[in-house]
Structure formats: C-alpha cells, structure tokens
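Here the structure is a predicted model, which is why all the values come from computation and not from measurement.
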Amino acid sequence: MKLKTLSFLLLTVLIFSCSSKKNIEPNLNYEVKLDTLTIFDQSRSRKIPVAYFSPKTDRKINNQQIVIFSHGYGANHGGDYLLYSYLTEKLASKGYFVVSIQHELPTDELIPSVGIPQVVRMPFWKRGTENILFVLNELKKSKPELDYKHLTMIGHSNGADMTALFANKHPNLVYKIITMDNRRMYLPRTSIPKVYTLRSNDYPADEGVLPTKDEQEKYHITVQLTNINHGKMDNKGSDEERKTLNDFILKYLNEN
C-alpha cells in the first residue's frame with residue numbers, strides 16, 4: 001500500500017513538473033531569423049512595417065510566447081524598429097517570437113514639442129495603439145499556434161508611452177508590459193497586466209506617470225532605477241548597458 005502511495009506521489013510530481021515547465025529555456029541560445037514585411041491596414045489606409053525576430057530551429061517550441069516591441073521616437077526617419085536589435089535578437093535567441101513595429105512613417109506629422117504632452121501627443125499614441133492592435137490581430141491569423149495568453153509588450157520612450165496606453169485601453173489582451181523610460185503616459189495601476197518599468201538616470205517622468213510606493217506595493221509594480229541615459233537604451237548603449245537592460249528584461253519575462 002505504501003509503495004502504491006509513493007508511486008502515485010512521484011507520478012503526480014512528474015506530471016506537475018512537466019505541466020509547469022516554461023517553454024523558454026534560458027540556457028539555450030538559438031540562432032535568430034529576421035523577417036521584415038509591410039502590413040497594410042485598409043481601414044486606415046496605413047502601411048505598417050514590421051520585423052519578426054524568431055528562433056531559427058526545426059524543433060517546435062510549444063506555447064511559444066510573444067513580445068511586441070515599440071521603438072522610441074525617431075523624427076519619422078524610418079528604420080527605428082531595427083535599432084534595438086541587441087534586445088530583440090537576444091529575446092529571440094531565448095525562444096521568444098518578437099515583433100518590432102515601425103510606428104512613424106516619413107509622411108507623418110512630427111510629434112509636437114510644445115504643449116501638454118498628454119494632450120498634444122495623445123493622437124500619436126493612439127495611432128500607435130491602433131498599429132499594435134492591427135498587427136496583433138494579423139499575427140493571430142497567420143500564426144495561431146503562438147501563446148497569446150501570455151503576451152508581453154515592451155517599449156522605449158515614446159513607444160513606451162504607446163505601450164502604457166495600450167495596456168490601459170486593452171488590459172485583457174496583455175499579460176505583462178515592460179516600459180523603458182516612458183515619461184509622459186501614465187502607467188496602469190493594476191496587477192494584471194503585470195507592470196515593470198526601467199528608468200533612466202537623466203530624464204524624470206512627468207508627475208503622476210509612475211506609481212507611488214503604496215501603489216507599487218499594492219499592485220506589485222516594479223520600478224527599477226538604472227545608471228543608463230535615456231538615449232542609450234537602444235543600440236547606442238555600451239555592451240555593459242545593453243547587458244544590464246537585457247538581464248532585467250529576461251528576469252521580468254521569466255517571473256510568474
């Protein structure tokens with residue numbers, strides 16, 4: 001009888017271990033495949049360039065998780081969605097399917113530099129959230145096998161403001177957000193989606209953007225200070241700065 005009980009317990013532990021095993025294996029380092037394409041949103045007559053960074057493997061990654069990345073403002077020069085490859089390639093090398101979206105086009109208006117940012121920039125952030133939503137819906141059609149229940153969105157600067165706004169507008173679609181120095185758009189005060197934010201050492205956020213200490217504790221929000229300049233959170237950062245950001249982001253992605 002005791003032997004049967006022991007066997008049952010061992011089987012239960014084995015089943016639980018297998019079912020709770022994450023699809024991301026931190027010790028693996030896949031080669032990375034890059035695909036670029038332009039998606040057309042007919043309802044808005046808008047082209048949306050996107051880059052897919054994915055692990056290069058013949059082995060199926062079960063429940064492969066997705067990261068959608070939104071770049072910082074580049075004054076409509078274009079190509080900004082490829083300027084964070086230190087991060088997007090690192091995440092893909094760990095097994096994530098990473099989508100980086102080009103939000104500004106050369107024909108767009110420049111973002112206003114005067115006025116209340118939460119007012120004058122809101123139309124640009126809203127356009128960004130519409131880009132994200134459209135790309136997400138298209139991805140669900142073309143790659144239904146991905147894990148949409150654990151979607152993570154990451155953004156830097158203006159793209160982080162878009163990410164924060166998307167999480168406020170569509171909390172049911174996002175599992176985690178990681179903002180890299182959003183300065184204008186208020187972070188959601190929620191436990192779901194889970195909220196993490198990495199802060200620069202040179203630019204403060206506007207009043208009310210970051211949660212208070214009490215709100216951080218109540219909603220388990222992580223506000224992490226760094227010694228990295230706001231403008232060095234893309235590929236311009238040093239090897240050490242890139243590693244710091246990658247390490248923090250991988251840690252947040254692996255948290256339950």
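Within 6.0 Å of atom CZ in F40, more than 12 heavy atoms from other residues, nucleotides or ligands are found, so the atom counts as buried in its surroundings. Atom NZ of K243 has 12 or fewer neighbouring heavy atoms from other residues, nucleotides or ligands inside a 6.0 Å radius.
For the side chain to side chain donor-acceptor pair (under 3.5 Å) condition, the pairs that include at least one residue of residues 167-176, sequence neighbours left out, are Y175-K194.
Between the CD1 atom of I48 and the OH atom of Y81 there is a distance of 12.0 Å, given to the nearest 0.5 Å. Atoms OH and CD, from Y186 and E207 in turn, are 8.5 Å apart once rounded to the nearest 0.5 Å. L165 contributes atom CG, which lies 8.5 Å from atom CD1 of I132 (distance to the nearest 0.5 angstrom). From S157, atom OG reaches atom CE of M180 across 10.0 Å, with rounding to the nearest 0.5 Å. Atom CZ in F53 sits 9.0 Å away from atom OG1 in T36 (nearest 0.5 Å). Within the model, atoms NE2 of H156 and CG of L83 stand 11.5 Å from one another, a figure rounded to the nearest 0.5 Å.
Between the side chain of T226 and the backbone N or O of R199, at least one donor-acceptor pair lies under 3.5 Å. Counting only distance, with no hydrogens or angles, the side chain of H103 and the backbone of G72 share no donor-acceptor pair below 3.5 Å. Looking at N246, its side chain does come within 3.5 Å of a backbone N or O of Y86 through a donor-acceptor pair. With Q65 contributing its side chain and D147 its backbone, the two residues share no donor-acceptor pair below 3.5 Å. Between the N182 side chain and the A160 main chain, no donor and acceptor come within less than 3.5 Å of each other. Proximity of a side-chain donor or acceptor of Q64 to a complementary backbone N or O of G95 within less than 3.5 Å is detected. Distance alone, capped at 3.5 Å, is enough to place a donor-acceptor pair between the Q102 side chain and the D80 backbone. For N235 (side chain) and S85 (main-chain N/O), a donor-acceptor pair under 3.5 Å exists by modelled atom type. A donor-acceptor pair is defined here as one N or O able to donate and one able to accept, closer than 3.5 Å; no such pair exists between the side chain of R44 and the backbone of Q42.
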Worksheet item: side chain to side chain contact (heavy atoms under 4.5 Å, CB included) between N229 and E241: does it pass, once the steps are laid out?
Response: CA-CA 9 Å; N229 289 353; E241 289 168 333; 5.8 Å; no
Fill in: Working for side chain to side chain contact (heavy atoms under 4.5 Å, CB included), residues L110 and Y73
CA-CA 10 Å; L110 295 175; Y73 185 55; 3.3 Å; yes
Discussion item. Using side chain to side chain contact (heavy atoms under 4.5 Å, CB included), reason through M162 and H71 one step at a time and then give a plain yes or no.
Written reply: CA-CA 10 Å; M162 294 177 188; H71 60 82; over 6 Å; no
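Taking each heavy atom of A205 and L210 in turn, the nearest pair found is CB-CG, 4.0 Å. Of all heavy-atom pairs spanning P188 and V195, the tightest one is O-CG2, 3.9 Å. Heavy-atom minimum distance, Y52 versus L37: CE1-CD2, 3.7 Å. When all heavy atoms are compared, the tightest approach of M185 to D161 is N-OD1, 2.9 Å. R46 approaches D108 most closely through the heavy-atom pair NH2-OD2, 2.7 Å. Summarising the geometry of T38 relative to K47, their closest heavy-atom pair is CG2-CB, 3.8 Å, with the distance given to 0.1 Å.
Of the candidates I249, L245, V98, L87 forms a side-chain contact (heavy atoms from CB on, under 4.5 Å) with just one, namely I249.
Between D214 and T212, the side chains place no donor N or O within less than 3.5 Å of an acceptor N or O (distance only, hydrogens not considered).
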Got a list of side-chain donor-acceptor pairs under 3.5 Å for residues 114-126, not counting sequence neighbours?
residue : atom : partner : partner atom : Å
Q118    : NE2  : R184    : O            : 2.8
Q118    : NE2  : D206    : OD2          : 3.2
R121    : NE   : P112    : O            : 3.4
W125    : NE1  : N158    : OD1          : 2.9

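When side chains are defined from C-beta on, I154 counts as touching L91, because their heavy atoms get closer than 4.5 Å.
For E138, the salt bridge (charged side-chain N to carboxylate O under 4.0 Å, His left out) partners two or more places apart in sequence, or in a different chain, are K141.
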